[in-house]
Amino acid sequence: METIDFRTLSIFVTTCRLMSLTRCADEMSLPKSTVSKAISKLEEHLQTRLLERSTRSIQMTEAGQVILGRAHKS
């Protein structure tokens, strides 16, 4: 089983803090596509949707809130 790397988790936490893929990309000096792919990779790894995305906003799912809480504890 593949493990989750720190960078991917850091991208998820930053995205949740800023509630924006674009602002996360800007803050971390990454292309927006890298941020989006990292979130998708994490969701695929965990086999659950963490963020509900639309063209204008994102919202955390219940699973996303759980993972964010666990990330803050570690």
Side-chain angles (χ1 to χ4, degrees):
M1 177 183 230
E2 185 181 346
T3 60
I4 300 167
D5 61 41
F6 177 78
R7 181 174 182 240
T8 300
L9 196 55
S10 179
I11 289 170
F12 172 70
V13 169
T14 303
T15 299
C16 292
R17 179 172 53 82
L18 299 172
M19 295 307 288
S20 169
L21 298 174
T22 302
R23 284 185 285 188
C24 175
D26 290 345
E27 183 170 301
M28 297 185 78
S29 300
L30 297 169
K32 185 179 173 187
S33 62
T34 299
V35 172
S36 182
K37 287 176 187 174
I39 300 296
S40 294
K41 177 182 171 183
L42 184 58
E43 289 176 331
E44 184 178 312
H45 177 80
L46 297 171
Q47 298 180 345
T48 191
R49 179 68 95 185
L50 301 174
L51 300 173
E52 291 296 335
R53 301 175 204 114
S54 73
T55 55
R56 296 231 167 235
S57 67
I58 63 169
Q59 295 212 337
M60 272 189 284
T61 63
E62 279 189 50
Q65 292 172 5
V66 169
I67 297 303
L68 181 62
R70 289 183 183 175
H72 282 292
K73 288 180 182 178
S74 46

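Hydrogens, waters and symmetry mates are skipped; everything else that's a heavy atom, side chains included, is used.
Under a hydrophobic-cluster definition in which Ile, Leu, Val, Met, Phe, Trp and Tyr are linked whenever side-chain heavy atoms come within less than 4.5 Å, directly or via other members, Met19 and Val13 are assigned to the same cluster. Residues Ile67 and Ile58 fall within the same hydrophobic cluster, defined by Ile, Leu, Val, Met, Phe, Trp and Tyr side chains chained together at heavy-atom separations under 4.5 Å. Hydrophobic clustering (side-chain heavy atoms under 4.5 Å, transitive across Ile, Leu, Val, Met, Phe, Trp, Tyr) groups Leu51 together with Leu9.
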Please test Leu68 against Lys73 for side-chain contact (heavy atoms from CB on, under 4.5 Å), starting from the C-alpha separation and ending with a verdict. CA-CA 9 Å; Leu68 181 62; Lys73 288 180 182 178; over 6 Å; no
Residue pair Ile4, Lys41: steps toward the side-chain contact (heavy atoms from CB on, under 4.5 Å) verdict: CA-CA 9 Å; Ile4 300 167; Lys41 177 182 171 183; over 6 Å; no
Please assess Glu27 against Arg17 for the test salt bridge (Lys or Arg N to Asp or Glu O under 4.0 Å), listing each intermediate value before the final yes or no. CA-CA 11 Å; Glu27 183 170 301; Arg17 179 172 53 82; 2.2 Å; yes
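Residues that satisfy the side-chain hydrogen bond (donor to acceptor under 3.5 Å, both in side chains) test with Thr8, not counting sequence neighbours, are Asp5.
Of the possible polar contacts, none joining the Thr14 side chain to the Cys24 backbone as a donor-acceptor pair under 3.5 Å is found.
A salt bridge links Arg53 and Glu43; the closest N-O separation between the charged side-chain nitrogens and carboxylate oxygens is under 4.0 Å.
With contacts defined as side-chain heavy-atom distances shorter than 4.5 Å, the pair Leu30/Arg7 qualifies.
Note: Leu21 CG to Thr15 OG1 = 5.5 Å, rounded to the nearest 0.5 Å. Cys16 SG to Ile11 CD1: the interatomic distance, rounded to the nearest 0.5 Å, is 12.0 Å. With rounding to the nearest 0.5 angstrom, the OG1 atom of Thr61 is 6.5 Å from the CD atom of Glu52. A distance of 12.0 Å separates CD of Glu44 from CG of Leu50, quoted to the nearest 0.5 Å.
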Kindly list each side-chain donor-acceptor pair under 3.5 angstrom involving residues 31-39, sequence neighbours excluded, with atom names and distances?
none

